[in-house]
Asker: 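Please read through the structure below; I'll follow up with questions.
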Amino acid sequence: MSLIQTVQDLNLWLDNNGRHGKTVGFVPTMGYLHEGHLSLIRKAKEDNDIVVVSIFVNPTQFAPGEDFKEYPRNLERDYELSCEAGADMVFHPEVSEVYPSGATTAVEVTGSLTKTLCGLSRPTHFKGVTTVVTILLNMVRPDQVYFGQKDAQQALIIKKMIRDLWMPVKMIICPIVREEDGLAMSSRNVYLNAEERKQALNLYKSLQEGEKLVEEGVIAASKIVQAVRMYLERAPLAVIDYVELLDANTLEAVAEVYDDVLLAIAVKFGKTRLIDNKILKSKEERTCF
Ligand code: PAF
């Protein structure tokens, strides 16, 4: 396994390891890896000959006052974990390698996908994400790139960018990985104190509550959203950013549950903002399968 810091070394490594005639899978991350990331690396290893993992805390996706400086970092541990999960190379560029002095180009997906959910409370976030993902894809030039469903909005935006720009890469979205008690894995979970961690479980439980209502035959979005909100409000430390029921492909608001709808939530515990989601299907839809 190799640790590479520059694009020149990255290309040299890929050429020396015979990238031509082999498939390259790429897992972009901001590090502080958890089981969610490792599941992406394992899947990439299953699907490809060579697996590249990038570890880069991208400054442009954090707004002033967000946690860019505090974002947890541990390169040595990430390197070990990536290796164990099957990565062949870890790419860990400096900020100046990704954004060389004088770089002024950004990539932005406009329209409804970026104007809802996290796009409202973090208006500059997705532009930073699509810009860095484009740069990293241009650097690595993989055949397949892997993202997690936990960041459902991010995945949809990147999917649209890849489609709109005819980027020559196949995108694979992998399922959410949860702690044993149901809390979705996130690098930011380490910020939670014991009481916040306990109450944060309500995110998952509130999604289950929404799903249960749908199973019982409730289809009105307003009823489901209200029930999820009420469940979240049982946690006294929870400050709700949003609870939304949206079309799972377009992120447009829906009045009723049908086919695939996305129940998405964002909640703050102190300074820690957590997101989670569940795809719901109407009862009739599910009985068709
Ligand atoms: O999901 C993340 O960790 C980041 O947003 C990504 C895709 C690695 C871009 O910095």
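Both counts, for ligands and for their atoms, begin at 1 and track the order of listing.
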Asker: Given Tyr242 and Ile275, is the side-chain contact (heavy atoms from CB on, under 4.5 Å) satisfied, shown in steps?
Answerer: CA-CA 9 Å; Tyr242 60 72; Ile275 57 172; 4.0 Å; yes
Asker: Any nitrogen or oxygen of Thr29, main chain or side chain, under 3.5 Å from a nitrogen or oxygen of ligand 1?
Answerer: no
Asker: Is it the case that over 12 heavy atoms from other parts of the model lie below 6.0 angstrom from the NZ atom of Lys150?
Answerer: yes
Asker: Near Val132, which atoms of ligand 1 are under 4.0 Å from a heavy atom of that residue?
Answerer: 9 (C), 10 (O)
Asker: Looking only at heavy atoms, is any part of Ile158 under 4.0 Å from ligand 1, and if so is it the side chain, the backbone, or both, or is it neither?
Answerer: neither
Asker: So which atom in Tyr146 and which in Leu40 form the shortest heavy-atom distance, rounded to 0.1 Å?
Answerer: O-CD1, 4.0 Å
Asker: Ignoring hydrogens, just give me the one of Gln154, His125, His37, Lys150 whose non-hydrogen atom is nearest atom 2 (C) of ligand 1.
Answerer: Gln154
Asker: My understanding is that only one of Val53, Leu10, Asn17, Ile50 makes a side chain to side chain contact (heavy atoms under 4.5 Å, CB included) with Met89; could you say which?
Answerer: Leu10
Asker: Can we say Asp88 and Lys45 salt-bridge, meaning some charged N sits less than 4.0 Å from an Asp/Glu carboxylate O?
Answerer: yes
Asker: Can a salt bridge be assigned to the pair Glu66 and Arg122 using a cut-off of 4.0 Å between side-chain N and carboxylate O?
Answerer: yes
Asker: Are any of the N/O atoms in Gln61 less than 3.5 Å from those in ligand 1?
Answerer: yes
Asker: Relative to the heavy atoms of Phe147, which atoms of ligand 1 are at a distance of less than 4.0 Å?
Answerer: 7 (C)
Asker: Counting each atom of ligand 1 from 1 as listed, which ones have a heavy atom of Pro28 under 4.0 Å away?
Answerer: 8 (C)
